[in-house]
Amino acid sequence: MTNHITDFLNYLRVEKGYSPLTLKTYEGHLRQLETFLSETDEGLDLLTLDEDVLRRWMVSMAERGLQARTVCKAMSCMRSFYKYLLMMGRIARDPAHALRNPKMGSSLPTFYRAEDMEHLFRDIAFPENFTGLRDRTILLTFYHTGIRVSELTGLTLGSVRFSENELKVLGKRAKERLIPLTATLREQLRQYVQERRAIAGDALFCSETGAKLTNDKVRAIVKRYLTGVVTQKKRSPHVLRHTFATVMLNNGAELQAVKELLGHASLQATQIYTHATFAQLREQYAAAHPRQRDKQ
């Protein structure tokens with residue numbers, strides 16, 4: 001495929017007058033796509049891929065935390081490249097023609113892989129004390145509910161409603177919503193609450209002295225544990241929120257249902273998760289989300 005890339009870059013330099021910096025950027029995108037193809041083990045190359053493969057590549061860029069602007073530039077390069085190949089008769093169909101850019105002005109949601117989350121809860125050794133049990137419960141709550149960090153720190157012992165199998169969350173503008181508990185999270189919360197009751201105070205997540213955890217303290221806890229299992233630069237409760245939403249949608253949840261679970265005021269806020277193609281993301285999440293696996 002090297003000759004096709006070289007010919008394309010020469011065409012841009014001679015016929016279009018592109019700058020050396022732009023040519024270097026374009027070559028970088030094309031080389032990255034070649035590497036992506038070599039890692040798919042599907043026997044594909046730049047001439048035989050289709051638009052689905054290009055979408056999967058775009059998703060992989062989002063997973064690495066690249067900004068929407070960077071993804072758009074990469075897609076612009078692909079459109080120019082395949083228009084050139086089509087013009088030169090080297091392909092019969094342009095696989096980049098129908099691709100849509102992510103919305104400019106916002107990033108594609110960063111999310112964690114299902115296998116990384118499995119590794120976190122299966123293999124990472126949490127301390128065998130109250131703090132370790134609390135920290136694991138915090139991480140599992142974020143992953144299974146998608147709640148905001150401020151919503152988590154606002155939970156009280158009364159927020160966990162075991163008899164109704166739900167979590168009562170106070171969201172933005174003091175709006176309450178109910179989130180169903182998965183079997184895994186329900187059992188985790190049951191163990192934690194049993195230990196928690198020996199400590200004074202009403203905050204669900206607290207220190208060993210009963211002091212309510214701050215948002216910054218929770219962010220630090222999440223970052224510390226995620227550092228051992230994920231490669232993304234962003235290691236935060238908000239990315240766990242993105243992960244929850246993405247997994248839910250890719251395992252068949254309706255957009256309206258995810259909107260309600262996340263506490264969004266409108267569908268527009270939820271639709272950011274559709275900018276990456278869910279059909280391709282499904283392959284990233286072949287292992288179903290715990291909400292899908294748990295039989296309640």
Side-chain angles (χ1 to χ4, degrees), residues 1-115 231-234 242 246-247 249-250 271-286:
M1 292 299 103
T2 300
N3 289 338
H4 296 297
I5 294 177
T6 301
D7 291 348
F8 171 60
L9 295 175
N10 285 336
Y11 166 76
L12 294 181
R13 179 177 57 84
V14 175
E15 300 294 334
K16 299 294 186 179
Y18 278 31
S19 70
L21 180 59
T22 299
L23 294 174
K24 182 178 180 180
T25 300
Y26 273 36
E27 182 177 12
H29 290 315
L30 290 165
R31 298 299 181 196
Q32 289 169 13
L33 178 56
E34 275 192 319
T35 299
F36 175 79
L37 292 174
S38 70
E39 294 173 349
T40 61
D41 295 327
E42 296 178 12
L44 299 172
D45 57 39
L46 293 176
L47 297 187
T48 58
L49 59 74
D50 56 22
E51 62 186 55
D52 286 340
V53 175
L54 283 178
R55 286 196 183 98
R56 281 161 48 195
W57 179 55
M58 187 167 72
V59 167
S60 75
M61 288 189 283
E63 185 181 24
R64 298 199 308 271
L66 298 182
Q67 298 294 311
R69 185 176 300 278
T70 301
V71 177
C72 287
K73 288 180 177 179
M75 300 315 298
S76 177
C77 170
M78 293 306 112
R79 292 190 185 93
S80 296
F81 179 61
Y82 283 105
K83 282 182 181 178
Y84 167 78
L85 293 181
L86 191 64
M87 178 181 69
M88 299 302 293
R90 300 185 188 184
I91 57 173
R93 181 177 177 276
D94 179 0
H97 175 71
L99 292 181
R100 296 176 59 187
N101 283 345
K103 184 178 180 181
M104 291 296 293
S106 61
S107 303
L108 288 173
T110 301
F111 54 88
Y112 305 125
R113 300 181 304 167
E115 51 264 41
T231 58
Q232 288 89 335
K233 292 182 179 179
K234 294 182 179 180
H242 288 328
T246 303
V247 174
L249 287 165
N250 279 283
Q271 285 170 341
I272 187 174
Y273 301 105
T274 67
H275 292 160
T277 305
F278 295 128
Q280 280 68 44
L281 284 172
R282 194 182 300 274
E283 297 183 12
Q284 302 282 332
Y285 285 90

Query raised in the report: Taking the six-membered ring for Trp, are F8 and Y84 parallel (under 30°), tilted (30 to 60°) or perpendicular (over 60°)?
Result: tilted
Report summary line: The reported gap from CG in L47 to OH in Y82 (rounded to nearest 0.5 angstrom) is 7.0 Å
Query raised in the report: Would you say R79 and M75 make side-chain contact, with heavy atoms under 4.5 Å?
Result: yes
Query - Any K83 side-chain heavy atom under 4.5 Å of L86 side chain - result: no
**Report entry** Pairwise distance CZ(R56) to CG(L37) - rounded to 0.5 angstrom
**Finding:** 9.0 Å
Query raised in the report: With a 3.5 Å cut-off and no angle check, do the side chains of N3 and T6 form a donor-acceptor pair?
Result: no
Query raised in the report: Hey, what do you get for OG1 (T246) to OH (Y112), rounding to the nearest 0.5 Å?
Result: 12.0 Å
Requested in this report: Give, for atom OG1 of T110 and atom NZ of K234, the distance between the pair rounded to the nearest 0.5 Å.
Outcome: 5.0 Å
Query raised in the report: Under the side chain to side chain donor-acceptor pair (under 3.5 Å) test, which residues partner E27, sequence neighbours left out?
Result: R31
**Report entry** Close side-chain approach of I5 to L46, heavy-atom, < 4.5 Å
**Finding:** yes
Query raised in the report: Could you state the interatomic distance from OG (S38) to CG (L44), rounded to the nearest 0.5 Å?
Result: 11.0 Å
Query - Inter-residue atom distance D50.CG - R55.CZ, 0.5 Å rounding - result: 9.0 Å
Donor-acceptor contacts, no H, no angles, side chain residues 14-25, under 3.5 Å, sequence neighbours left out:
residue, atom, partner, partner atom, Å
S19, OG, T22, N, 3.2
S19, OG, T22, OG1, 3.0
T25, OG1, L21, O, 3.0

Report task. Using a 4.5 Å cut-off on heavy atoms from C-beta on, say whether the side chain of M88 contacts that of Y11. Result -> no
Query raised in the report: Taking only residues at least two apart or on different chains, which pairs with a member in residues 86-96 satisfy side-chain hydrogen bond (donor to acceptor under 3.5 Å, both in side chains)?
Result: H4-R90, D7-R90, E51-R93
